[in-house]
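Counting convention: from 1, in listed order, for ligands and their atoms alike. Everything numeric in this text was worked out from a predicted model, so none of it was measured.
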Amino acid sequence: MNHHWTARVVSPRMPVPAEGARPAALLRGEFTARAAVRSARLRVTALGVYELELNGTTVGDHVLAPGWTSYRHRHRYQSFDVTPLVREGRNAWGAHLADGWYRGLLGFNGGTRDVYGERTGLLAELRLEYADGTAETVATGDGWRWSAGPVLAAGLYEGEEYDARRERAGFSEAGFDDSAWQPADVIDFDTAALFPADSPPVRRIEHLAPVAVTTSPSGRTVLDFGQNLVGRLRIRVRGEAGRTVTLRHAEVLEDGDLCTRPLRHAVATDRYVLRGDPAGEEWEPRFTFHGFRYADVEGWPGDLDPADVTAVVVHSDLRRTGWFTCSDASLNRLHENVVWGMRGNFVDVPTDCPQRDERLGWTGDVQVFAPTAAFLHDVRDFLRSWLRDLAADQGADERHVPPVFSPDIPVITPVPLPPGNPPMAGWCDAAVVVPWVLYERYGDTEVLRTQYPSMRAWVDAVDRLAGPDRIWGEGFQFGDWLDPTAPADDPGRAMTSSALVATAYFAHSARLLARTAEVLDDHDDATRYHTLADAVRGAFLARFHTGGGRLTEETQTAYALALCFRLLEDDAERAEAGRRLADLVAERGHRIGTGFLGTPLVCDALAGTGHVDTAYRLLTQRACPSWLYQVDMGATTVWERWDSMLPDGSVNPGEMTSFNHYALGAVADWMHRTVAGLAPAGPGYRRLLVRPRPGGGLTWARAEHETPYGRAGAGWSREGDRLRVDVVVPPDVTALVDLPGAEPVEAGPGRHTFYAPFPAAAR
Ligand code: BGC
């Protein structure tokens, strides 16, 4: 049931500049607690982003609250117990309020402002229960006042400008003189879309000190934090009033200076104007975040002591649940890069990238990354919430096509697009795949039930688009986006045709939908969608299979899709397809030949058809393009392009060159399941599949995962000619242990050690 709101939205009538990021406002109100307070509960949200204070104390530790949802359909609010902060008698509360996602600049090609509205506002109410048993609600509404404050400009992409001389010290305390402040407008707002926060908030998670301070060849001061991260800087500075310290951010350097071209229109610059406090002053921007490893500092008074600058890592506060390590330091670094890439791109919404003028909830990216994400962190609530937005955005489309990014926003394109969401294979399929992953990894049938209409609507939409021949995807598709042959200026031009990719995804989603219907005991739908999946599979084979396991398109992605989505079912055909895939990989010198959609599958397709060695040769390849090429080039996160940095150290000239995109890191799921050997074999890891496949010259590997039933682990090591496998099975869980060259065995809860001959090919 929806909470009934007494509060009204209070909005500053603050002039906005014609261009650029806009100032944040201060808002304040006072109230009287007429008796001793037994409990005080706050509900709060904003049109924009807020930070609320009560009697001089900041409430909670959330960053960029209320976060980003598809506000028109779902607008999140936060609840806090503020009992210790409220006192009998006079009280005050107030907030900093900035544009955030609601009204700030969003999107590429120049982007759009005011996406959700032209006015920012604050909505808050306090439920006071008195010791005498009575209660009352105080709320935003008439009587609230606003003023300009120290934040002169704040934008997620642009950065924040803060003039400490304009702070209004004590503004959230009772008795503060607000006579020069303006009355806030009370504006209409439909509270029907409000809902209580259902996913973890964004917080300050970690602080990193610089590892180096250098003077660049052009004479600039550059800090290196040793890690590409997402967040912002916290500075401690002492100097004269009015001096400006400027902080610029970038992921990479070029010729020793920040390389900001990949940020496109994201200015990513913070400015702090000192108030001149002789005791020193400390500052961290509130209403922005940047993706960076390096920072350029200008205007610092005197010599910069590196201890005075800290990088504050900011992201959704997700519980870590998965770990992987092995005997190869480069693979460990790759895995670490995947973890950091996830952290930087789970800032309330699962984004493509955290640094340039984009940072959108691109569906294709999370579609391929969801299994990895669900292993590394508890993303159940996070992705459930995001899926609800996706379904809401999908519902707003006439043909029920999910958006290519959610929350959906208008985009500016060089050529006008037809109305409605563009149906994109592999992207819109997130509507089906992500709920299925949550079911597989958390045993969550509820998410299947909630998302079922969205899942089915997408498959039905594709069915209509494909028509009677069940083949679709001709015309523009993202396809196997950014495969290594895609030219710098044409990221969608891939080796594999869009029709092959789209039809394969059609079959895959139809099959997952049928299996979902089975889980939900909807027998009619199960039959109907299995029949559809069979028909699409038949159409795929008729069009793309030349017989005997060979495809019309001889690409790594084509074979990987046909094998992993079980479009080829016959054992002999699968064996031949696997052989052909291994040959194709060898023909490219064991370099990767896949883009966003083929990459998460190719190692599975190889290992699943007996070509474990070839899978390892791909995984451990160091020449470009490959995963370890990035590691060797010093990557500390996973890149968007296989060659975001070119072998000569220069930055890829493409328009889209991020150094922090998680999609190609989806291989980590294969590392967990096959290198270490820890996979779910039943929903929520109720049953484990321990099937390690040593190779790549590794001498040991280990993965652990906090399953819904407790900690599970699988690890192996080479002991001479023997393979030793150690398994931890949580309570109430059984494991199928399938070692190379041995008959599979069952294991119950507890710790077990198994031995098998160490595979000759893996030595
Ligand atoms: C994003 C991707 C996204 C793609 C769609 C890019 O601009 O950064 O990661 O999936 O567009 O093709």
Report the residue from Trp101, Trp68, Tyr102 that forms a side-chain hydrogen bond (donor to acceptor under 3.5 Å, both in side chains) with Tyr116.
Trp68
Decide side chain to side chain donor-acceptor pair (under 3.5 Å) for Gln355 and Ser658; before the verdict, give the C-alpha distance in whole Å, the side-chain angles of both, and the deciding distance to 0.1 Å.
CA-CA 8 Å; Gln355 74 297 77; Ser658 132; 3.1 Å; yes
Under 3.5 Å, which donor-acceptor pairs link side chains of residues 428-439 to any protein atom two or more places apart or in another chain?
| unit_1 | atom_1 | unit_2 | atom_2 | d |
| --- | --- | --- | --- | --- |
| Asp429 | OD1 | Trp458 | NE1 | 2.9 |
| Asp429 | OD1 | Ser509 | OG | 2.6 |
| Asp429 | OD2 | Gly426 | N | 2.7 |

Identify the heavy atoms of Ala457 and His400 that sit nearest to each other, and give their distance.
CB-CB, 3.8 Å
Please check this pair: side chain of Arg399 against backbone of Arg464, looking for a donor-acceptor N/O pair closer than 3.5 Å.
no
Taking CZ in Arg588 as the centre, count heavy atoms belonging to other residues, nucleotides or ligands within less than 6.0 Å. Is the count above 12?
yes
Sorted by chain and residue number, the residues having a heavy atom closer than 4.0 Å to an atom of ligand 1 are Asp352, Arg356, Glu358, Trp362, Asp365, Trp427, Phe478, Trp481, Phe596, Glu640, Met656, His661
